[in-house]
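Structure first, commentary second.
Scope of the values below: all heavy atoms of this structure, side chains included, with no hydrogens, waters or symmetry mates. Counting starts at 1 for both ligands and their atoms, in listed order. Predicted model, so just to flag it, every value in this text is computed and none were measured.
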Amino acid sequence: MIHAIEAGNKPMVAAIEGFALGGGLELALGCHYRIAHSKARLGLPEVTLGLLPAAGGSQRLPRLIGVPAALDLIITGRHVTAAEALQLGIVDQVTDHHTVDAAVKFALSVAGRPLDARRISSYSCPPVSGDLDALFEEVMRKVRRGARGAIAPVACVQAVRAAATLPYARGMERERELMATLFTSGQARALQYSFFAQRAVSRWSTPSGARWDASAPKPVRKVAVIGLGTMGRGIAVALAQAGFPVVSVETQEKQLTEAKRAVSQMLERGAKRRGVAAPLDKMSYSSNIQAVADVDLVIEAVFEDMGLKKKIFQQLSAVCKPDALLCTNTSSLDVDQLASQTRNPELVVGMHFFAPAHVMKLLEVVYGPRSSPQALATAMQLGKKMGKVSVAVGNCPGFVGNRMLKAYVEQAFFLLEEGATPELVDSALEEFGFSMGFFKVSDLSGLDVGWKVRKEDGLALPGVSTGPSARIRQGRRYSPLGDLLCQRGRFGQKTGSGWYQYGKPGGRVATPDPWLHSFLEEYRAQHGLVPRRIDPQEVLERCLYALINEGFRILEDGIAAGPEDIDCIYVFGYGWPHYRGGPMFYAAMVGLPKVLERLEHYYRAHPDVPDLQPCSLLRRLVASGSPPVQKWKEAIKKLHSQL
Ligand code: NAD
């Protein structure tokens, strides 16, 4: 059809309103002219679904706007405004008026003019400055590095290269071939699943029967943030960027001064990037909690300390309007205990952001047993307005993301005890598609963070470093390796060494550390552990299947409503490779019987590691024929009703 339109002798003018993305833009590129409304957005986002623009888009766009600009749009899938489209030469005119009227007027003005010069497929790509081959090689190198195993961006470059080097008809053949490979790939399936999963999680429900379509959110006009440390600053920035007036309360004077400067800087940087004015006027600051008296919603982000947080919730309950929503950014503390400090516990929910909070897309919205559906709906809607992928989760230690991560982290430690090095574990995880392996992430965020949590949980005990009890805590296998490094002041990048060596405090380049290797050898000898060869496959199976197993437990407990919720959490908050869909989708792709068999195998080898014991939901799904991931929610409901 697009060819017929382009080949026709009647001038065709595309009138573009709203979105012309993917097929919409490809159709418009087949027309002889394009007129866009000033609010229109254009783009070829196929790459984000694991595909390429295969209705001629990869061949026409470079011919129209040149190779570098077309590569940018096709590889990133980014949307452009009508103004940028005009500047790039994608559209011929932008109007603020009725687009179709403008297009008709335009068509009449060009009627009778020859159309040969308007058929994009007959163009050659505009010449590039410099060597074309060198340009493509450089782009391909960059794309391969950034794609970390994703195949669609690479195929997009190959398709544009075909446009630049082959006649149109041959280029179209190449576009078709490349698309055929992508279309049947698991990556396209994963990315399309993820696209629908994001929509599915916005239609939240809870085990008590509360639902997104039966719960109206409360209006939120003004918001407060308590505590302007790492998280509070990012949250305040994200709120101001979403257009909310924000009052921020910080009691430490030095922190407050520093935070004011940092927040303004982040707002200015963000505004520059987006080409808008910095919303500095949205921010106000105070060291007195009384300043939050008129807000509709508060997000508390003080130290992770239950005593302190309880005190703050008592104060908030006394100071705030009685119908104000009180939210906590705690990573793991019991939301219900905080609710019990307030007059209206039904108005308390968790809003668990991820660092840096103005960048990371994920928000876990944690409902306690007493949170009202309206409170949940309000926090979910606020998250959406902040541009977050908001996922409603139940209240349990670690909620969904951190609860699953614990099982993964534990396996990484055990693998070191059994003979692996941080480099081996990290390279297996990076090869899988994570941007950083666990040990590099740990060095970046600081080993002391986990150490503090383990001390509070009664796991990291001072002085217990030898004898059998050193590796057993609370009745299960425990690895004190992280604690031992912390006791030696190795906190990661900030101290210049951790699992790797960084040269100096604050260094960023990880290099393998001979000290760490001999430390591991001594540790194994001291504990009678005989090192064995560990291959990357075992690293992946142990770390990922333990995490997935916990995911099944979470589904069984009703903490997450479905696999889509878990998968969005991992893709948008934990660096799980997007083109692998998320852990639960990945488990379905691997095959549930295989995941079950490997967990059984590892549990037999490590009976003191309960995380490796296959969860009964996994067994029951396998017994019921391993339904596809899209059917799990239904299957779980059925299994629950049979109990
Ligand atoms: P932080 O130590 O950087 O900041 C805490 C801030 O709270 C400090 O500036 C402190 O002065 C301030 N504060 C303490 N008592 C206060 C009070 N009574 N009134 C006002 N301000 C007060 O901590 P953070 O890393 O930003 O973490 C804050 C919360 O967010 C914690 O509950 C943490 O578990 C959670 N969280 C942290 C991360 C992360 O990666 N850092 C991620 C998600 C959630």
Practice item. Would you confirm whether D567, through its side chain, and M584, through its main-chain N or O, come within 3.5 Å as a donor-acceptor pair? Key: yes
Point to revise | Geometric class of the F413/F439 ring pair [parallel <30°, tilted 30-60°, perpendicular >60°] | key: tilted
Check your understanding: With sequence neighbours excluded, what pairs up with D457 under the salt bridge (charged side-chain N to carboxylate O under 4.0 Å, His left out) test?
Key -> none
Exercise for review: Answer yes or no: is there an ion pair linking K321 with D296, defined by an N-O contact shorter than 4.0 Å?
Suggested key: yes
Study note, to complete from the structure: By salt bridge (charged side-chain N to carboxylate O under 4.0 Å, His left out), D305 pairs with (sequence neighbours left out) none
Check your understanding: In order of chain and number, which residues sit within 4.0 Å of ligand 1 by heavy atom?
Key -> I226, G227, L228, G229, T230, M231, V249, E250, T251, Q252, Q255, A301, V302, F303, E304, L308, K309, I312, N329, T330, S331, H352, F353, A355
Practice item. Tell me, please, which residues at least two apart from E410 pass salt bridge (charged side-chain N to carboxylate O under 4.0 Å, His left out). Key: R476
